[in-house]
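Heavy atoms only: backbone and side chains are in, while hydrogens, waters and symmetry mates are out.
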Amino acid sequence: MRLLFVCVGNTCRSQMAEGIARDLGHVAASAGTHASESSRVAKYAIEVLEEIGVDTNGLRPKGIDAVYPANYDAIISMGCGVSCPSLPIDDDWGLEDPHGRGREVYRKTRDTIRELVSNLVEGFTDA
(Lines give C-alpha, C1' and ligand atoms only; values in the text may rest on other atoms or scores of the structure.)
Protein backbone atom coordinates (compact mmCIF):
# COMPACT_ATOMS: atom_id res chain seq x y z
CA MET A 1 0.00 0.00 0.00
CA ARG A 2 0.94 3.63 -0.48
CA LEU A 3 0.28 5.52 2.75
CA LEU A 4 0.59 9.20 3.63
CA PHE A 5 0.56 10.28 7.27
CA VAL A 6 -0.11 13.92 8.08
CA CYS A 7 -0.03 16.13 11.14
CA VAL A 8 0.91 19.68 12.00
CA GLY A 9 4.67 19.74 12.66
CA ASN A 10 5.70 16.39 11.11
CA THR A 11 8.30 15.69 13.81
CA CYS A 12 6.80 12.90 15.97
CA ARG A 13 3.71 10.77 15.23
CA SER A 14 3.61 11.04 11.45
CA GLN A 15 7.35 10.35 11.25
CA MET A 16 6.95 7.23 13.40
CA ALA A 17 4.05 6.11 11.20
CA GLU A 18 6.11 6.62 8.05
CA GLY A 19 9.01 4.57 9.41
CA ILE A 20 6.78 1.80 10.74
CA ALA A 21 4.76 1.52 7.51
CA ARG A 22 7.97 1.27 5.48
CA ASP A 23 9.27 -1.35 7.90
CA LEU A 24 6.08 -3.34 7.27
CA GLY A 25 6.81 -3.25 3.53
CA HIS A 26 4.69 -0.35 2.31
CA VAL A 27 5.45 2.81 0.41
CA ALA A 28 4.97 5.57 2.95
CA ALA A 29 5.53 9.26 3.43
CA SER A 30 4.61 11.88 5.99
CA ALA A 31 4.03 15.61 5.89
CA GLY A 32 2.87 18.47 8.08
CA THR A 33 0.55 21.40 7.53
CA HIS A 34 3.02 23.65 9.35
CA ALA A 35 6.23 21.67 9.05
CA SER A 36 9.53 23.49 9.01
CA GLU A 37 12.22 21.88 6.94
CA SER A 38 14.76 23.36 9.35
CA SER A 39 13.24 21.25 12.15
CA ARG A 40 14.38 17.76 13.01
CA VAL A 41 12.52 14.61 13.80
CA ALA A 42 12.08 14.37 17.56
CA LYS A 43 14.99 12.61 19.27
CA TYR A 44 12.76 10.14 21.13
CA ALA A 45 10.81 9.34 17.95
CA ILE A 46 14.06 8.24 16.31
CA GLU A 47 15.24 6.36 19.40
CA VAL A 48 12.03 4.36 19.91
CA LEU A 49 11.89 3.40 16.24
CA GLU A 50 15.49 2.22 16.29
CA GLU A 51 14.78 0.19 19.46
CA ILE A 52 12.56 -2.09 17.38
CA GLY A 53 14.84 -2.12 14.34
CA VAL A 54 13.01 0.42 12.17
CA ASP A 55 15.31 2.19 9.71
CA THR A 56 15.15 5.94 10.37
CA ASN A 57 17.39 7.02 7.50
CA GLY A 58 15.67 9.62 5.36
CA LEU A 59 13.09 10.66 7.95
CA ARG A 60 12.83 14.45 7.92
CA PRO A 61 10.04 17.01 8.35
CA LYS A 62 8.27 17.95 5.12
CA GLY A 63 5.42 20.29 4.31
CA ILE A 64 2.26 19.08 2.60
CA ASP A 65 3.28 20.90 -0.57
CA ALA A 66 6.08 18.31 -0.90
CA VAL A 67 3.60 15.46 -1.49
CA TYR A 68 1.00 14.70 -4.16
CA PRO A 69 -2.16 13.21 -2.58
CA ALA A 70 -3.14 11.19 -5.66
CA ASN A 71 0.00 9.09 -5.18
CA TYR A 72 -1.44 7.43 -2.05
CA ASP A 73 -4.04 4.76 -1.37
CA ALA A 74 -4.85 6.26 2.03
CA ILE A 75 -4.15 9.57 3.78
CA ILE A 76 -4.22 9.35 7.56
CA SER A 77 -4.25 12.24 10.04
CA MET A 78 -2.48 11.52 13.32
CA GLY A 79 -5.17 13.30 15.32
CA CYS A 80 -4.17 16.92 15.35
CA GLY A 81 -7.29 18.28 13.73
CA VAL A 82 -5.49 18.58 10.42
CA SER A 83 -7.71 20.20 7.86
CA CYS A 84 -6.40 20.98 4.45
CA PRO A 85 -8.53 21.40 1.33
CA SER A 86 -5.84 19.82 -0.84
CA LEU A 87 -5.73 16.62 1.25
CA PRO A 88 -8.64 14.21 1.27
CA ILE A 89 -8.17 12.69 4.76
CA ASP A 90 -9.36 9.07 4.83
CA ASP A 91 -9.08 8.60 8.59
CA ASP A 92 -8.03 10.47 11.74
CA TRP A 93 -6.39 8.27 14.36
CA GLY A 94 -6.81 10.74 17.24
CA LEU A 95 -3.36 10.09 18.72
CA GLU A 96 -2.14 12.27 21.55
CA ASP A 97 1.00 14.23 20.65
CA PRO A 98 4.05 12.90 22.55
CA HIS A 99 6.04 16.07 21.80
CA GLY A 100 7.87 17.30 24.89
CA ARG A 101 7.08 14.18 26.88
CA GLY A 102 9.20 11.26 27.99
CA ARG A 103 10.57 8.29 26.08
CA GLU A 104 7.91 5.95 27.52
CA VAL A 105 5.11 8.08 26.01
CA TYR A 106 6.86 7.82 22.64
CA ARG A 107 7.06 4.04 23.05
CA LYS A 108 3.34 3.79 23.73
CA THR A 109 2.61 6.01 20.74
CA ARG A 110 4.93 3.88 18.57
CA ASP A 111 3.20 0.68 19.63
CA THR A 112 -0.25 2.13 18.96
CA ILE A 113 0.85 3.33 15.52
CA ARG A 114 2.27 -0.10 14.68
CA GLU A 115 -1.04 -1.74 15.58
CA LEU A 116 -3.07 0.84 13.63
CA VAL A 117 -0.89 0.49 10.51
CA SER A 118 -1.20 -3.30 10.68
CA ASN A 119 -4.97 -3.07 11.07
CA LEU A 120 -5.28 -0.52 8.27
CA VAL A 121 -3.40 -2.75 5.88
CA GLU A 122 -5.51 -5.77 6.85
CA GLY A 123 -8.67 -3.73 6.28
CA PHE A 124 -7.57 -2.76 2.79
CA THR A 125 -6.54 -6.31 1.83
CA ASP A 126 -9.91 -7.66 3.01
CA ALA A 127 -11.85 -5.12 0.90
Side-chain angles (χ1 to χ4, degrees):
M1 282 187 67
R2 298 167 300 155
L3 303 168
L4 176 61
F5 301 97
V6 296
C7 64
V8 176
N10 192 223
T11 61
C12 299
R13 296 166 290 181
S14 54
Q15 291 290 335
M16 288 192 284
E18 177 182 347
I20 288 167
R22 286 181 179 179
D23 188 61
L24 293 173
H26 304 284
V27 174
S30 64
T33 58
H34 293 85
S36 169
E37 293 186 17
S38 64
S39 296
R40 295 182 181 183
V41 177
K43 174 185 167 184
Y44 287 155
I46 296 293
E47 286 180 12
V48 301
L49 288 175
E50 290 176 347
E51 284 176 356
I52 61 169
V54 172
D55 182 5
T56 60
N57 288 320
L59 292 181
R60 64 176 179 74
K62 299 165 289 301
I64 58 170
D65 57 340
V67 296
Y68 184 62
N71 287 343
Y72 300 95
D73 299 315
I75 301 175
I76 310 299
S77 169
M78 297 288 96
C80 7
V82 170
S83 177
C84 182
S86 65
L87 291 177
I89 303 294
D90 294 300
D91 199 1
D92 185 327
W93 284 350
L95 299 173
E96 188 174 337
D97 191 352
H99 181 75
R101 300 180 69 191
R103 187 179 288 116
E104 192 56 38
V105 174
Y106 277 82
R107 284 187 185 117
K108 288 178 182 176
T109 302
R110 173 203 65 200
D111 294 345
T112 300
I113 290 170
R114 187 175 198 120
E115 181 178 338
L116 288 166
V117 170
S118 295
N119 291 341
L120 175 71
V121 171
E122 289 172 11
F124 270 85
T125 57
D126 290 343

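- Taking every heavy atom of both residues into account, Ala74 and Met1 meet most closely at CB-CE, 4.4 Å.
- Follow the hydrophobic side-chain contacts under 4.5 Å out from Val105 and you never reach Val54; the two are in separate clusters.
- The CG atom of Leu95 sits 14.0 Å away from atom NZ of Lys108, with the distance rounded to the nearest 0.5 Å.
- Atom CG of residue Asp91 and atom CD1 of residue Ile76 lie 5.0 Å apart, to the nearest 0.5 angstrom.
- The shortest heavy-atom contact between Gly19 and Leu59 is N-CD2, 4.3 Å.
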- [ ] Take Thr56 and Val41 through the side chain to side chain contact (heavy atoms under 4.5 Å, CB included) test and state the conclusion after the steps.
- [x] CA-CA 10 Å; Thr56 60; Val41 177; over 6 Å; no

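- Side-chain contact check for Asp23 versus Asp55: every heavy-atom pair is 4.5 Å or farther apart.
- Between Pro69 and Ile75 the shortest heavy-atom distance is CB-CD1, 3.8 Å.
- With sequence neighbours excluded, no residue satisfies salt bridge (charged side-chain N to carboxylate O under 4.0 Å, His left out) with Glu115.
- Hydrophobic clustering, with ILVMFWY side chains joined whenever heavy atoms are under 4.5 angstrom apart, groups Val117 together with Ile46.
- Scanning both residues, Leu4 and Ala31, for their nearest heavy atoms gives CD1-N, 4.3 Å.
- With sequence neighbours excluded, no residue forms a side chain to side chain donor-acceptor pair (under 3.5 Å) with Asp111.
- Within the structure, ring pair (Phe, Tyr, Trp, His ring centres under 6.0 Å) pairs that include any residue of residues 41-71 comprise Tyr44-Tyr106 (at least two apart or interchain).
- A distance of 13.5 Å separates CD in Glu47 from CD1 in Ile52, rounded to the nearest 0.5 Å.
- With hydrogens and angles disregarded, a donor-acceptor distance shorter than 3.5 Å links the side chain of Asp92 to the backbone of Gly79.
- Counting heavy atoms from C-beta outward, Leu3 and Tyr72 have side chains that stay 4.5 Å or more apart.
- For the pair His26 and Arg2, the minimum side-chain heavy-atom distance is 4.5 Å or more.
- Summarising the geometry of Arg13 relative to Ile113, their closest heavy-atom pair is O-CD1, 3.5 Å, with the distance given to 0.1 Å.
- Closest heavy-atom contact between Ala28 and Ala21: CB-CB, 3.6 Å.
- Two residues are said to be in side-chain contact when any heavy atoms from C-beta on lie closer than 4.5 Å; Asp97 and Cys12 meet this criterion.
- Using a 4.5 Å cut-off on side-chain heavy atoms (C-beta onward), Thr109 and Glu96 make no contact.
- Salt-bridge check for Arg22 with Glu18: passed, with a basic side-chain N closer than 4.0 Å to an acidic carboxylate O.
- Considering only heavy atoms from C-beta on, Leu24 comes within 4.5 Å of Ser118 through its side chain.
- Ion pairing of Arg110 with Glu51 is present here, as a side-chain N (NZ or NE/NH1/NH2) and a carboxylate O approach within less than 4.0 Å.
- Under the 3.5 Å distance criterion, the side-chain polar atoms of Asn10 are matched with a main-chain donor or acceptor of Lys62.
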